[in-house]
2 protein chains.
Amino acid sequence: MSDVSSPPISARAREIVSAARELLEGEGPEAVSMRRIAERIGIKAPSLYKHFPDKSAVENALIAQGMAELAEALEAVEAKVAPSAGLAPGASVAPGEGAVAALAGAYRAYALAHPDLYRLMSGQPLDRAAMPAGLEDRAAGPLVRAVGGDADAARAVWGFAHGMVVLELAGRFPPGADLSGAWAKGCGAFAAEPSSG
Amino acid sequence: MSDVSSPPISARAREIVSAARELLEGEGPEAVSMRRIAERIGIKAPSLYKHFPDKSAVENALIAQGMAELAEALEAVEAKVAPSAGLAPGASVAPGEGAVAALAGAYRAYALAHPDLYRLMSGQPLDRAAMPAGLEDRAAGPLVRAVGGDADAARAVWGFAHGMVVLELAGRFPPGADLSGAWAKGCGAFAAEPSSG
DNA sequence: GCAGTCGGCTAACATCGTTAGCCAGGGTGG
DNA sequence: CCACCCTGGCTAACGATGTTAGCCGACTGC
């Protein structure tokens, strides 16, 4: 959790996104309004537009922050599970079947720790032009490598993890359901599948 | 696609939810406002509150409609794939590995055909008290039976399908990505998995 | 015939994102 | 040293949102 934020250079801008994040994580998405953000740092709403063109720009900064944190979390798991770091880029060796499960666990843990941020990150079309270059690929990297570079498999696992997380966050599973069982089932299914295809 | 709507009896109420649906599917979620709904049927917004307590009640009617349609679509697939209808309830025989893939395909097709309705149905906590009794179970039934009654497996497959659909609808996969490959991979993985556990 | 409910209406409130336009302060060029 | 202009505040306002209060006409049941 080091710096994590490139485009907003000014101190004020950083103050704004951190106020927005506190509101989001503290009071939910409907609390993050331009007036509330401004109030929290002691200015008035229209002044925010001197630092960001509109609200979605603030949200994009939040999204970039979340993606960077998620990428860090997944990279940490990757380093622990398959300590073959420092290879040539693109090296797809020794997936290790536990790697997928470990990454899925970290993914779920991040989403549950930051539910509203996760929903903000994943619930809408990503404005890729507003993201730091390479961020999206960096976040996807650990999983892609864990499945041996198979893009279809990576997308399927991502879909599974995202779907499970988002259904859990929305309270869609029956109350008290044993979700870890379903996660295990899913990770097991993907681990058992051969890379052919 | 027969009747599909129990609580709103009055003709006006039905008119309201159908106007809401037309707005949702025709112009997207931000178009479905109380004023626009009212305008479409020739009355003023406050009059809507003589028929529904608030906007979320209208949305719940839409959600119930969508869930019923989705349930019908899945039941149709089930009848085609495993024509052993009329068994004792709870009978879990002969899953048929293609059944999961067929159901997943129908699920995806419904979501892509009604993207905004699907997002409305699945993107928020479900107000179960506002749903017709048994609807949720009915929608879940075909998949649960297809995986032989294994709740963990059913949840995992649901998570996979929902995640894939929602990522696709949000345009999160790279443009031009071959999603059918990922779907096949996922369905294959779940089909290969034994029911032990 | 009268009462009451049903279903419209207008006016209004608070909140939202956003814009226009004004102005104080500070740094810089002449 | 003074004029300028840019930065970053501000107030006032617009149009839109969901929702409430209160009014009133018509139709229905007794």
Side-chain angles (χ1 to χ4, degrees), chain A residues 5 7-64 116-117 119-121 123-125 127 129-130, chain B residues 5 7-64 116-117 119-121 123-125 127 129-130:
Chain A
S5 63
I9 316 113
S10 98
R12 210 37 151 181
R14 252 170 293 141
E15 211 177 344
I16 290 170
V17 335
S18 99
R21 176 146 185 189
E22 289 166 15
L23 283 169
L24 178 66
E25 306 220 63
E27 305 185 40
E30 69 282 0
V32 35
S33 77
M34 297 302 264
R35 283 171 176 84
R36 297 264 282 136
I37 294 173
E39 179 196 43
R40 191 167 246 266
I41 63 179
I43 66 178
K44 297 303 171 67
S47 302
L48 296 177
Y49 292 82
K50 295 295 168 73
H51 303 276
F52 290 90
D54 51 25
K55 191 188 179 186
S56 80
V58 181
E59 292 175 336
N60 281 334
L62 248 30
I63 291 170
D116 290 305
L117 216 207
R119 267 188 287 246
L120 182 67
M121 288 163 48
Q124 58 191 311
D127 182 356
Chain B
S5 62
I9 316 114
S10 100
R12 212 33 154 181
R14 252 171 293 140
E15 211 176 344
I16 290 170
V17 335
S18 100
R21 177 147 183 188
E22 288 166 16
L23 284 168
L24 177 66
E25 306 219 63
E27 306 186 40
E30 69 283 357
V32 34
S33 76
M34 296 304 263
R35 282 173 178 84
R36 296 265 283 137
I37 293 173
E39 179 197 42
R40 191 166 246 266
I41 62 179
I43 64 177
K44 297 303 173 66
S47 302
L48 296 177
Y49 292 83
K50 295 295 168 71
H51 304 274
F52 290 90
D54 51 25
K55 190 187 179 185
S56 79
V58 181
E59 292 175 335
N60 280 334
L62 248 29
I63 291 170
D116 290 306
L117 217 208
R119 265 188 288 247
L120 182 67
M121 286 163 47
Q124 58 192 309
D127 182 355

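Letters A, B, ... are given to chains in the order of the sequence lines, protein chains preceding strands, and every chain is numbered from 1.
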* Asked: Which residues satisfy the side chain to side chain donor-acceptor pair (under 3.5 Å) test with B:Glu15, sequence neighbours excluded?
  -> B:Arg12

* Within this structure, what is the CD1-to-C1' distance between A:Ile41 and D:dG8, rounded to whole angstrom? -> 11 Å

* Asked: For A:Leu120 and A:Ile63, which heavy atoms make the closest approach, and how far apart are they?
  -> O-CD1, 3.7 Å

* Exercise: identify the closest heavy-atom pair between B:Ala19 and B:Ile41 -> CB-CG2, 3.8 Å

* Structure fact -> Rounded to whole Å, CG of A:Leu48 lies from P of C:dT18 at a distance of 10 Å

* Nearest-0.5 Å distance, CD1 of residue A:Ile37 to CD1 of residue A:Ile16 -> 8.0 Å

* **N or O in side chain of A:His51 less than 4.0 angstrom from D:dT7 OP1/OP2** => no

* **side-chain N/O B:Ser47 vs C:dC9 OP1/OP2, d < 4.0 Å** => yes

* **B:Ala45 to B:Ala38 - nearest heavy-atom pair and separation** => N-CB, 3.4 Å

* Structure fact -> For A:Glu27, the side chain to side chain donor-acceptor pair (under 3.5 Å) test, sequence neighbours excluded, returns A:Arg36

* Structure fact -> Residues passing the side chain to side chain donor-acceptor pair (under 3.5 Å) test with B:Glu22, sequence neighbours excluded, are B:Arg40

* Asked: Of all residues at least two apart in sequence or in a different chain, which pass the side-chain contact (heavy atoms from CB on, under 4.5 Å) check with B:Pro29?
  -> B:Leu24, B:Asp116

* Asked: Once each nucleotide of nucleotides 18-27 of chain D is scored for protein heavy atoms under 4.0 Å, what B/S/- sequence comes out, 5' to 3'?
  -> BBBB------

* Structure fact -> In DNA chain C, stems of three or more consecutive pairs, Watson-Crick or G-U, each with both distances under 3.5 Å, turn out to be C:1-30 with D:1-30

* Asked: Going by heavy atoms closer than 4.0 Å, what residues in residues 18-30 of chain B are next to DNA chain C?
  -> none

* Structure fact -> Here the distance between atom P of C:dT15 and atom CD1 of A:Ile37, to the nearest Å, is 16 Å

* Is the shortest side-chain N/O distance from B:Lys44 to OP1 or OP2 of C:dT10 below 4.0 Å? -> yes

* Asked: In whole angstrom, what separates B:Glu15's CD from C:dG8's C1'?
  -> 13 Å

* To do: Output every pair passing salt bridge (charged side-chain N to carboxylate O under 4.0 Å, His left out) with a member in residues 44-63 of chain A, not counting sequence neighbours, ordered by first then second residue.
  => none

* **Minimal non-hydrogen separation, B:Leu117 against B:Leu62, with atom names** => CD2-O, 3.7 Å

* Asked: Once you round it to whole Å, what is the distance between P of C:dT18 and CZ of A:Phe52?
  -> 13 Å

